Amino acid sequence: IASTLIGLAVAHIPGALLGALVGSIIDRNLAISSWFELRDRLRLSAKPTLNAQQVLFMLLGHLAKSTGQVTAEHIQAARTEMQRLQLTGITQKLAIAAFARGKHCRLADLRSGLSVHYAAVEQAERLLQAGWRMALAQGMPTARQQRMLQQCADWLGCSSEEFARIEAQAMRGRVAP
């Protein structure tokens with residue numbers, strides 16, 4: 001559309017036709033199907049990289065919000081995670097901000113941060129354990145939370161057996177309603 005408008009402004013009707021042709025070729029080659037996708041691709045290069053704690057707390061915020069509303073139990077689970085990591089002062093404030101950002105992001109937005117900071121098996125396991133603790137904050141995890149954690153495990157190269165083991169550890173002592 002933009003190339004059509006530029007062509008129209010520069011060379012009237014023939015320019016608009018040429019601009020539409022060039023624009024569609026570019027869109028097809030870049031596999032861009034919407035303005036939102038173009039915006040997301042342009043924003044990717046401008047995004048600052050996230051550190052491991054930001055990725056973790058954004059994931060926790062995303063899991064908490066996935067139930068519809070963040071509850072006091074979710075907030076307490078996040079505080080417990082901060083204590084577990086011994087966060088204080090500025091690092092705690094950064095974690096709180098990341099949790100809040102995670103409530104409004106897409107899971108796919110965390111993919112690169114997950115692969116950068118949680119590629120090692122032990123790190124991936126700790127991340128998934130924290131995710132399960134958040135998913136269990138209100139009792140039993142929802143199917144959506146389970147799918148989100150499974151998606152993260154897949155992105156991190158976690159086998160289905162390893163994921164099932166981590167899930168079983170987290171669920172130990174829980175009784176389904």
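Quick caveat: nothing in here was measured; it's all calculated off a predicted structure.
To the nearest 0.5 Å, atoms CG (Leu127) and CD (Gln129) are separated by 9.5 Å. Taking SG from Cys152 and CG from Leu110, the interatomic distance works out to 7.0 Å, rounded to the nearest 0.5 Å.
In this structure, Arg79 places its CZ atom where only 12 or fewer heavy-atom neighbours from other residues, nucleotides or ligands lie under 6.0 Å away.
Applying the side chain to side chain contact (heavy atoms under 4.5 Å, CB included) criterion to Ile96, with sequence neighbours excluded, gives Met82, Gln92. The side chain to side chain contact (heavy atoms under 4.5 Å, CB included) search around Thr67 returns His74, Gln138, Thr142, Gln145, not counting sequence neighbours. When the side chain to side chain contact (heavy atoms under 4.5 Å, CB included) test is applied to Glu122, the partners found at least two apart in sequence or on another chain are Ala120, Arg126. Here Gln123 pairs with nothing under the side chain to side chain donor-acceptor pair (under 3.5 Å) rule; sequence neighbours left out. Legend: residues meeting salt bridge (charged side-chain N to carboxylate O under 4.0 Å, His left out) with Glu162, ordered by chain and number and at least two apart, are Arg165. Partners of Glu81 by salt bridge (charged side-chain N to carboxylate O under 4.0 Å, His left out), not counting sequence neighbours, listed by chain and number: Arg84, Arg133. For Gln76, the side chain to side chain donor-acceptor pair (under 3.5 Å) test picks out Thr80, with sequence neighbours left out.
For Ala119 against Ser115, the heavy-atom pair with the smallest separation is CB-O, 3.3 Å. Looking at every heavy atom in both residues, Ala170 comes nearest to Leu136 through O-CD1, 3.3 Å. Here the closest heavy-atom approach between residue Ala137 and residue Glu73 is recorded as O-CB, 3.4 Å. A pairwise comparison of heavy atoms in Ala153 and Leu128 identifies CB-CD1, 3.9 Å as the closest pair.
Its side chain outside the 4.5 Å cluster rule for every partner, Val116 clusters with none of the Ile, Leu, Val, Met, Phe, Trp and Tyr residues.
Residues Met171 and Pro141 meet the side-chain proximity criterion, which asks for heavy atoms closer than 4.5 Å. Annotation: side chain of Arg144 is in contact with side chain of Arg147 (closest heavy-atom distance under 4.5 Å).
The hydrophobic cluster containing Leu114 does not contain Leu94, counting ILVMFWY residues as joined when their side-chain heavy atoms lie under 4.5 angstrom apart, directly or transitively.
Listed by first and then second residue, the ring-ring contact (aromatic ring centres under 6.0 Å, His included) pairs involving residues 79-98 amount to none (not counting sequence neighbours). Within the structure, the ring-ring contact (aromatic ring centres under 6.0 Å, His included) test picks out the following pairs touching residues 105-157 (sequence neighbours left out): Trp132-Phe163. Every pair tested for ring-ring contact (aromatic ring centres under 6.0 Å, His included) that includes a residue from residues 86-115 fails, sequence neighbours excluded, so the list is empty.
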Donor-acceptor list for residues 53-63 side chains, cut-off 3.5 Å, not counting sequence neighbours:
residue: Gln54; atom: OE1; partner: Asn51; partner atom: N; Å: 2.9
residue: His62; atom: ND1; partner: Gly102; partner atom: O; Å: 3.2
residue: His62; atom: ND1; partner: Cys105; partner atom: O; Å: 3.0

Next on the checklist: For a side-chain contact (heavy atoms from CB on, under 4.5 Å) check, start with the C-alpha distance between Lys103 and Gln69, then their side-chain angles and the critical distance, and finish with the verdict.
Outcome noted: CA-CA 9 Å; Lys103 294 187 296 186; Gln69 185 175 357; over 6 Å; no
